[in-house]
Amino acid sequence: MSAVRAGLPEGRYGRSADERADRKLKIIGAVLGAGLIALIAWFGYAYVVDQDVSGQLTGFKVTSDDTVDVRLEITKDKDATAVCTVRTLDTYHEEVGRKSFTFDQRQDDMIKVVTVRTTARATSAELIGCDSAANS
């Protein structure tokens, strides 16, 4: 009986075409992956740097069947005018009130309590967003 060889002797004929193609694909994949990560980082940085106004709803209190007091923390440039929109919801998550508030005080950070009038008793409030008055 004769022995059957599975393949060519290793190292005798150099690298196969498949190995060279695999190496090229790995290099191309690494370059494209690094480029994608750099692009995502650039977009994230541009988004954060371009925001000159931000806000956060830190609490609310339903004061009656037709009003809700909302506590907002606003961060902005001193010379910027912020416009923040708040909405209130009832137990069925239907909107029962919405109001935009303008903050033009010459302060960087501020905490304000604002009142939103509602058409029915609200059970929650949310900040839709804050933007610069020039962008509104």
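- A heavy-atom distance below 4.5 Å is not found between the side chains of Glu94 and Leu89.
- Not one N or O on the side chain of Lys112 forms a donor-acceptor pair closer than 3.5 Å with the backbone of Phe101.
- Looking only at side-chain heavy atoms (C-beta outward), Asp131 and Val53 stay at 4.5 Å or farther from each other.
- Interatomic distance, Asp108 CG to Thr75 OG1, rounded to the nearest 0.5 Å: 8.5 Å.
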Inset, instruction - List the steps and the verdict of side-chain contact (heavy atoms from CB on, under 4.5 Å) for Leu57 and Val70. - result: CA-CA 7 Å; Leu57 188 143; Val70 178; 3.3 Å; yes
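- A distance of 10.5 Å separates OG1 of Thr123 from OH of Tyr92, quoted to the nearest 0.5 Å.
- Counting heavy atoms from C-beta outward, Glu126 and Ile128 have side chains that approach closer than 4.5 Å.
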Inset, instruction - Quick one: do Thr67 and Arg117 satisfy side-chain hydrogen bond (donor to acceptor under 3.5 Å, both in side chains)? Show the steps, please. - result: CA-CA 4 Å; Thr67 58; Arg117 295 191 50 86; over 6 Å; no
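- The shortest distance between side-chain heavy atoms of Met110 and Lys76 falls below 4.5 Å.
- For the pair Thr88/Ser124, no side-chain contact is recorded, criterion being any heavy-atom separation below 4.5 Å from C-beta on.
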Legend entry - side-chain hydrogen bond (donor to acceptor under 3.5 Å, both in side chains) evaluation trace for Thr85 with Ser100: CA-CA 4 Å; Thr85 303; Ser100 293; 2.9 Å; yes
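- The closest side-chain heavy-atom distance from Lys78 to Gln107 is not below 4.5 Å.
- One N or O on the side chain of Asp90 and one on the backbone of His93 form a donor-acceptor pair closer than 3.5 Å.
- Rounded to the nearest 0.5 Å, atoms CD (Gln56) and CG (Leu72) are 9.5 Å apart.
- Judged by distance alone, with hydrogens and angles left aside, the side-chain atoms of Thr102 form no donor-acceptor pair with the main-chain N or O of Val83 at under 3.5 Å.
- With contacts defined as side-chain heavy-atom distances shorter than 4.5 Å, the pair Leu36/Leu32 does not qualify.
- Atom SG of residue Cys130 and atom CD1 of residue Ile74 lie 6.0 Å apart, to the nearest 0.5 angstrom.
- In this structure, the side chains of Ser132 and Thr81 stay at 4.5 Å or more apart for every pair of heavy atoms.
- Taking hydrophobic clusters as Ile, Leu, Val, Met, Phe, Trp and Tyr residues chained together by side-chain heavy-atom distances below 4.5 Å, Val86 shares a cluster with Val62.
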Legend entry - Derivation and outcome, side-chain contact (heavy atoms from CB on, under 4.5 Å), residues Phe103 and Val114: CA-CA 11 Å; Phe103 304 100; Val114 294; 4.1 Å; yes
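- A salt bridge links Arg121 with Asp65: the distance from a Lys NZ or Arg NE/NH1/NH2 to an Asp or Glu carboxylate oxygen falls below 4.0 Å.
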Inset, instruction - Apply the test side-chain hydrogen bond (donor to acceptor under 3.5 Å, both in side chains) to residues Asp66 and Thr118: give CA-CA distance (whole Å), side-chain angles for both, the deciding distance (0.1 Å), then the verdict. - result: CA-CA 5 Å; Asp66 62 351; Thr118 62; 5.8 Å; no
